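Have a look at the structure below, then the notes.
Keep in mind it's a predicted model, so treat the numbers as computed, not measured. Heavy-atom basis, side chains included; hydrogens, waters and symmetry copies ignored.
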Amino acid sequence: MLKSKSKTVLLALTVTMMTIGLIIFPQESFEASKGGLNMWWKIVFPSLLPFLIFSELLISFGVVRFIGVILEPFMRPLFRVPGVGGFVWAMGLASGFPAGAKFTVRLRQEKQVTRIEAERLVCFTNSSNPLFLFVAVAVGFFHNPQLGIILALSHYLGNFCVGILMRFYRWKEEKSQSKGITKLPSIRQAFNQMHRTRLKEKRPFGSLLGDAVLSSIQTLLMIGGFIILFSVVNKLLFHMNITGLLASWVGGILHIMNFPDSLSLPFISGLFEMTLGSKLTSSVENASLLQQTVMTSFILAFNGFSIQAQVASIIAASDIRFMPFFLARIAHGFLASIFTVLLWGPFYKGNNYSGNPFNALPVSGSTGERASSLYQNMLDFGPLLTLAFLTLYIMIFAKRLFKGLS
């Protein structure tokens with residue numbers, strides 16, 4: 001009872017403090033809110049929406065079931081999750097946060113994974129997409145395309161190791177119901193499973209498509225709200241000197257690790273919002289490039305409380321617990337940092353203190369140009385796509401609302 005009351009007091013004080021901060025710093029809060037909104041409607045919405053819509057359709061038509069049967073011999077021994085986890089893993093890697101959580105919850109609602117399997121799956125299927133790592137962070141923040149390969153390798157290898165570690169999560173509880181794979185499934189078996197799944201779906205295609213659009217846009221609206229909220233919270237914490245206070249404590253720990261104290265402020269900012277933390281880390285002048293990259297790898301792997309809040313909101317629609325995901329993010333942060341140090345020598349030989357090192361891993365100039373061009377196109381045409389689909393969402397929602405009233 002005392003613990004519950006303490007939690008109530010803590011939450012009330014936190015919200016009250018943030019509200020007072022909004023009143024004291026209205027201009028700063030508005031600018032932070034506008035920045036979060038720009039990020040959402042220019043980049044997050046147009047990049048995530050197609051993946052969410054088509055994934056909903058793939059699940060409904062049984063394609064995910066087909067993939068699950070094919071990948072069962074790979075996913076079950078490695079991660080102790082069904083083969084459908086391979087689909088979630090791939091889509092989470094391609095589309096970025098928090099798609100892995102969205103698809104995991106969908107499979108849990110379809111009863112294609114158990115609760116424990118879903119908790120394992122959500123821990124290693126949420127990651128940054130390659131476009132963000134290579135273009136936004138490596139090129140946009142560090143102005144160094146060669147860093148992209150190290151950030152990507154450390155990020156995805158760390159997540160892979162998290163998946164291996166999570167195979168031992170609550171394994172004794174399901175020992176009696178573990179499934180042994182005696183032989184590789186055939187294409188025919190996979191097709192039969194896909195066909196049966198499609199036959200169970202009674203909705204016509206138009207209704208399926210409309211539901212996929214509505215569900216995907218509702219998820220993205222929620223994500224947008226969290227992005228704006230944590231952009232404002234991060235700015236308020238900075239102006240209320242709370243970030244500086246926390247940074248002074250972290251500075252002592254960084255000093256023990258031979259990291260400059262100047263990285264403490266970007267680290268604290270990155271704990272709340274990884275994009276801002278990565279950007280601030282790249283601008284620290286008295287840190288070596290290796291130290292900046294290690295810190296950035298940890299921030300990206302931890303995801304920031306903004307992404308974690310989005311995941312928590314998504315999995316709240318199911319019985320999936322949040323604590324395993326949170327602990328996995330801490331583990332991912334340390335693993336990604338370790339991989340960054342291990343990969344630095346083989347993949348990035350050169351002057352650690354130079355922003356334009358020599359003898360670095362060669363990266364195709366045309367590939368970097370194409371990625372930068374794609375990123376610029378998203379900035380230019382993303383808002384138009386966002387407005388178009390929001391209009392479509394309103395039309396579908398209004399049509400169904402009027403149909404229900406009539």
Side-chain angles (χ1 to χ4, degrees), residues 1-33 35-37 40 97-98 100-102 104-105 108-109 115-116 118-120 122-123 126 166 169-170 173 218-250 252-253 264-265 267-277 299 301-333:
M1 186 67 179
L2 180 61
K3 182 179 179 180
S4 178
K5 289 183 178 179
S6 300
K7 184 178 179 180
T8 300
V9 173
L10 178 62
L11 291 174
L13 287 175
T14 302
V15 175
T16 302
M17 182 179 66
M18 289 295 103
T19 305
I20 294 174
L22 285 172
I23 297 173
I24 298 175
F25 304 103
Q27 182 64 31
E28 292 82 355
S29 300
F30 174 75
E31 292 298 329
S33 178
L37 179 61
W40 175 74
F97 308 109
K102 168 72 173 176
T104 301
V105 170
R108 178 61 184 141
Q109 292 170 343
R115 182 186 188 185
I116 294 177
E119 289 170 351
R120 289 178 186 149
V122 78
C123 287
N126 285 275
M166 288 303 297
Y169 169 71
R170 294 181 177 267
E173 296 182 18
Q218 286 170 357
T219 300
L220 287 169
L221 288 172
M222 179 271 297
I223 292 173
F226 276 110
I227 291 174
I228 295 172
L229 172 63
F230 275 86
S231 296
V232 174
V233 168
N234 213 347
K235 181 67 71 173
L236 289 178
L237 291 176
F238 175 79
H239 285 284
M240 296 167 74
N241 294 322
I242 295 177
T243 302
L245 178 62
L246 295 175
S248 64
W249 297 343
V250 173
I253 301 175
S264 58
L265 186 60
F267 176 75
I268 295 299
S269 298
L271 291 183
F272 286 90
E273 213 290 307
M274 66 176 190
T275 305
L276 177 61
I299 290 172
F302 184 72
N303 297 177
F305 295 132
S306 175
I307 300 292
Q308 293 183 21
Q310 295 171 30
V311 172
S313 179
I314 290 172
I315 65 177
S318 66
D319 58 354
I320 302 173
R321 287 165 287 213
F322 174 74
M323 186 54 65
F325 175 81
F326 176 73
L327 296 177
R329 298 283 58 79
I330 298 176
H332 187 195

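Remark: the backbone N or O of Ala309 is not paired with any side-chain donor or acceptor of Ser313 at under 3.5 angstrom. A donor-acceptor contact shorter than 3.5 Å is absent between the side chain of Asn234 and the backbone of Val232. Looking at Arg115, its side chain does come within 3.5 Å of a backbone N or O of Asp319 through a donor-acceptor pair.
Two residues are said to be in side-chain contact when any heavy atoms from C-beta on lie closer than 4.5 Å; Pro324 and Leu327 fail this criterion. Using a 4.5 Å heavy-atom threshold, the side chains of Met274 and Phe97 count as touching. Looking at heavy atoms from C-beta onward, Leu271 lies in side-chain contact with Ile268 at the 4.5 angstrom threshold. For the pair Met323 and Glu119, the minimum side-chain heavy-atom distance is 4.5 Å or more.
Smallest separation of non-hydrogen atoms from Ile320 and Thr104: CD1-CG2, 4.0 Å. Pairing each heavy atom of Gly100 with each of Asn126, the nearest pair is N-OD1, 3.6 Å. In this structure, Gly36 and Ser231 approach most closely via the heavy-atom pair CA-OG, 3.6 Å. Nearest heavy atoms, Val311 versus Pro98: CG2-CB, 3.9 Å. When all heavy atoms of Ser269 and Thr243 are compared, the closest pair comes out as OG-CG2, 4.1 Å. Of all heavy-atom pairs spanning Leu236 and Ser29, the tightest one is CD2-OG, 3.3 Å.
For the pair Arg329 and Phe325, the cation-pi test (distance below 6.0 Å, angle within 45°) is passed.
Atom CD of residue Glu273 and atom CG of residue Leu237 lie 12.5 Å apart, to the nearest 0.5 angstrom.
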Give every donor-acceptor pair under 3.5 Å between a side-chain atom in residues 13-27 and any protein atom, sequence neighbours left out.
{"residue": "Thr14", "atom": "OG1", "partner": "Leu10", "partner atom": "O", "Å": "2.8"}
{"residue": "Thr16", "atom": "OG1", "partner": "Ala12", "partner atom": "O", "Å": "2.7"}
{"residue": "Thr19", "atom": "OG1", "partner": "Val15", "partner atom": "O", "Å": "2.8"}
{"residue": "Gln27", "atom": "NE2", "partner": "Glu31", "partner atom": "OE2", "Å": "3.1"}

Identify every side-chain donor-acceptor pair in residues 218-229 under 3.5 Å, counting partners at least two apart or on other chains, and give the distances.
{"residue": "Thr219", "atom": "OG1", "partner": "Lys102", "partner atom": "NZ", "Å": "3.1"}
{"residue": "Thr219", "atom": "OG1", "partner": "Ser215", "partner atom": "O", "Å": "3.0"}

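The aromatic rings of Phe326 and Phe305 lie parallel to each other, their planes meeting at an angle below 30°, with 60° marking the opposite boundary.
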